[in-house]
Amino acid sequence: MAASHHQVAPLVERINRIVDQADFILPHIGAQVIETTNKRVWIWCPDKVASKNLAIRIRGEGYALEVRKGLKTSAYYIQVFL
């Protein structure tokens with residue numbers, strides 16, 4: 001059974017804070033959350049370095065994720081499973 005949006009709201013808020021937070025050790029400049037559902041959060045990253053750094057931070061919080069390169073651009077997408 002899928003979780004409701006109210007049940008995953010704290011998890012989504014935490015991921016949003018990680019994406020919005022400036023980090024000088026693992027910079028992920030330009031990353032932004034593009035879509036949120038009750039099962040996953042999709043994040044757009046402008047390049048490979050930003051996606052790698054953000055993936056390290058999110059994995060460190062204990063979330064499962066998947067990183068993919070865009071088909072037509074050099075952007076990367078991170079799919080975080082809630």
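Sequential numbering from 1 along the given sequence is applied to the chain's residues.
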Going by side-chain contact (heavy atoms from CB on, under 4.5 Å), name the residues that satisfy it together with Asp47, two or more places apart in sequence or in a different chain.
Val49, Ala50

Give the intermediate values and the outcome of side chain to side chain contact (heavy atoms under 4.5 Å, CB included) for residues Ile15 and Thr36.
CA-CA 10 Å; Ile15 292 172; Thr36 302; over 6 Å; no

If you link ILVMFWY side chains whenever their heavy atoms are less than 4.5 Å apart, which other residues fall into the same cluster as Leu26? By chain and number, please.
Ile25, Ile56

Take Tyr63 and Leu11 through the test side chain to side chain contact (heavy atoms under 4.5 Å, CB included) and record every step on the way to the result.
CA-CA 9 Å; Tyr63 295 100; Leu11 303 174; 3.7 Å; yes

Considering residues at least two apart in sequence or located in another chain, which fulfil the side-chain hydrogen bond (donor to acceptor under 3.5 Å, both in side chains) criterion with Asp23?
Arg57

Taking all non-hydrogen atoms of both residues, which atom of Thr37 and which atom of Val8 are closest, and how far apart?
O-CG2, 4.5 Å

Identify the heavy atoms of Val19 and Ala31 that sit nearest to each other, and give their distance.
CG1-O, 3.6 Å

Return the CG to CD1 distance between Leu54 and Ile18, rounded to the nearest 0.5 Å.
7.5 Å

Within one Ile-Leu-Val-Met-Phe-Trp-Tyr cluster: Val33 and Trp42, side-chain cutoff 4.5 Å
no

Side-chain donor-acceptor distances from residues 71-79 under 3.5 Å, at least two apart:
unit_1: Thr73; atom_1: OG1; unit_2: Ala75; atom_2: N; d: 3.3
unit_1: Gln79; atom_1: OE1; unit_2: Arg40; atom_2: NE; d: 2.8
unit_1: Gln79; atom_1: NE2; unit_2: Glu66; atom_2: OE1; d: 3.0

For the side chain of His28 and the backbone of Gln21, is there at least one donor-acceptor N/O pair under 3.5 Å apart?
yes

Distance (rounded to the nearest 0.5 Å) between Cys45 SG and Ile29 CD1:
12.0 Å

Show me the pairs that pass salt bridge (Lys or Arg N to Asp or Glu O under 4.0 Å) and involve residues 3-21, at least two apart or across chains.
Arg14-Glu61

When you measure from the side chain of Asn53 to the backbone N and O of Pro27, does any donor-acceptor pair fall under 3.5 Å?
yes

If I take atom NZ from residue Lys69 and atom OG from residue Ser51, how far apart are they, to the nearest 0.5 angstrom?
10.5 Å

